Amino acid sequence: MKRPFFYDITLRDGNQSLKKPWQLSEKEIIFNKLLELNVQAVEVGFPASSEMDYDACKHLASVAPENLVVSALARCIEGDILSAVNAIGHSKIPRVHTFLTLSPFHMKYVLNKDPMEVRKTAINAVSFACEQIKKVNKNGEVQFSVEHFGDCLENLDFVIDTLQEVVKAGATTINLPNTVERKRPRVFLDMVEKVYNALPKDIAISAHNHNDLGMATATTVESYFSGAVQLECALNGLGERTGNTNFYEVAVALYNSGVDVPVDLSKIYETALIVAQMSKVEIYEKAPLVGPDALAHRSGIHQDGALKTKDMEFGAYRPIHPSLIGRKDDEKIGFTSQSGKTAIFEIISKAGYPITIQEAIRLAPSVKEAAEKVGELPTRNIIDIYFREICNIEGPFKLLKFDHAGDGKFILEFKHNNKEYSLTGNGNGPIDACMDALKQSGFERTLLHYKQIAMDEELMGSGAMAMSVIHLEGENGAKVIGRAIHKNTAVANVKAIFNAYNLIYKN
């Protein structure tokens with residue numbers, strides 16, 4: 001198969017749909033983004049529509065690179081065609097794009113003309129356009145579009161006969177627009193295939209789909225496999241009503257299908273953000289590939305799969321690696337009542353706090369309960385629960401006082417249930433002394449491991465802090481982890497021991 005030929009219509013079809021169409025300086029920014037994407041053709045505007053659009057078309061044609069097809073729209077009217085020729089004829093590869101409806105409905109109710117009269121108008125316009133553009137530039141081309149081709153099922157033979165005559169008149173590209181999407185893609189694709197089979201193979205077939213029923217991307221992608229090599233798309237899917245085929249979705253869908261796509265996919269995300277800002281049309285949350293939620297996972301099952309495959313090209317729950325389209329953000333794990341331990345572990349770890357999967361399991365009921373009340377929990381709320389239930393564990397033991405008494409001695413006062421204890425422990429430091437005092441009180445446990453972690457001041461928001469991590473032997477030899485955070489390392493050590501004791505003796 002031939003490589004797909006991307007013909008971008010953002011500056012014409014997309015721009016005309018904006019509440020505030022772009023000025024020349026804005027059009028040039030978009031034009032340069034299209035060059036970065038490496039599109040092969042750009043429809044720069046409709047010169048006859050206004051002086052501003054004519055000037056924009058003329059300027060963009062003058063700065064276009066040699067390998068870019070520069071196209072301008074013109075109705076089947078001599079004045080429009082001459083305006084287009086004058087605006088873009090000096091570019092290296094100029095193309096006049098003229099169009100006329102051939103649908104029975106529109107010929108009868110909009111044009112109010114006989115079909116044979118419409119056919120004659122189309123043929124004469126293409127012949128005139130070809131003659132005029134060739135006078136100015138030997139590389140000039142003519143494209144003819146059957147407006148409302150999607151509505152031509154009942155008179156498709158008439159359309160094909162007309163297109164054969166249009167090709168004889170000089171058109172080298174035949175564009176088949178689904179101007180208003182009304183039917184399922186298969187119906188449209190059958191029509192595309194019939195046109196493709198009826199015309200010479202050196203004629204480029206083009207597909208131009210609107211998104212009225214939400215199937216423009218699918219129809220365009222499948223049109224390529226039905227013979228339409230030229231694909232007319234718009235950045236961010238801009239266009240009349242519900243928009244035109246989205247450029248990014250088509251490019252990535254073809255890439256995922258193993259097609260050699262001549263587009264710099266790494267420029268997609270940056271371009272999408274710029275176009276959204278300039279068009280004042282926000283990228284909606286669930287937009288494929290570029291939407292804020294395109295990398296978000298909230299279901300526990302999805303989160304588990306996403307995290308296990310996050311470094312792979314094709315993730316468990318995403319179609320591509322984000323870097324393919326220039327996204328630098330990772331997959332987003334949000335916690336709702338549908339999430340689980342994996343999300344807790346990932347969110348807390350990513351926030352910079354140490355946690356084990358066992359601790360995440362312990363936190364899950366409380367975090368779920370909070371999420372059931374408010375919906376998706378902000379990270380700050382989850383961290384607050386982490387502090388409360390990991391670093392300040394309620395239980396039968398309560399630390400009352402811990403003071404250094406000199407010479408390796410520390411006074412420990414604590415309460416176990418309703419009984420208070422006051423003992424002096426001995427050791428090489430506060431941890432040894434605390435464990436000694438607890439042993440004297442009849443609560444002996446083996447210290448397996450001790451670690452202290454310096455917490456980031458910016459993270460804590462309250463100056464330098466230390467986290468003590470105490471590993472004690474629990475019931476049946478199980479390892480129990482106690483954590484605590486405090487500015488004073490000795491206090492953090494003892495609080496961590498008591499948190500571990502409350503886990504061991506919680507029943």
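These figures come from a predicted structure and were not determined experimentally.
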For a side chain to side chain donor-acceptor pair (under 3.5 Å) check, start with the C-alpha distance between Ser206 and Gln230, then their side-chain angles and the critical distance, and finish with the verdict. CA-CA 4 Å; Ser206 172; Gln230 177 171 292; 3.0 Å; yes
Does the side chain to side chain donor-acceptor pair (under 3.5 Å) test come out yes or no for His59 and Glu28, once each step is laid out? CA-CA 9 Å; His59 173 72; Glu28 189 161 15; 3.2 Å; yes
Could you walk me through whether Glu117 and Lys120 pass salt bridge (charged side-chain N to carboxylate O under 4.0 Å, His left out), step by step? CA-CA 5 Å; Glu117 183 183 356; Lys120 184 178 179 180; over 6 Å; no
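Under a 4.0 Å N-O distance rule, the pair Arg182/Asp151 qualifies as a salt bridge. Glu270 has a carboxylate O that lies under 4.0 Å from a charged side-chain N of Lys33, or vice versa, which qualifies the two as a salt bridge. Taking the charged nitrogens against the carboxylate oxygens, Lys368 and Glu372 have no contact shorter than 4.0 Å, which rules out a salt bridge.
Ring pair Tyr386/Tyr353 is tilted by interplanar angle, where 30° to 60° counts as tilted. Taking the six-membered ring where tryptophan is involved, the planes of Phe247 and Phe6 are tilted, since the angle between them lies from 30° to 60°.
Counting heavy atoms from C-beta on, the side chains of Leu82 and Gln132 come closer than 4.5 Å.
Checked options Gln303, Arg318, His321; the residue passing with Glu331 is Arg318 (criterion: side-chain hydrogen bond (donor to acceptor under 3.5 Å, both in side chains)). Among the candidates Ile205, Leu189, Thr219, the single residue satisfying the side chain to side chain contact (heavy atoms under 4.5 Å, CB included) test with Ser226 is Leu189. Evaluated for a salt bridge (Lys or Arg N to Asp or Glu O under 4.0 Å) with Glu43, the options Lys27, Arg12, Arg95 yield exactly one hit, Arg12.
Side chains of Thr217 and Asn246: a donor-acceptor N/O pair is absent below 3.5 angstrom, by distance only.
A cation-pi geometry, defined here as NZ or CZ lying under 6.0 Å from the six-membered ring centre and within 45° of its normal, holds between Lys201 and Tyr196.
Cys152 and Pro104 make their closest contact through CA-CD, 4.5 Å (heavy atoms, listed as atom of the first residue, atom of the second, distance).
Residues Tyr248 and Tyr269 place their aromatic rings such that the two centres sit no closer than 6.0 Å.
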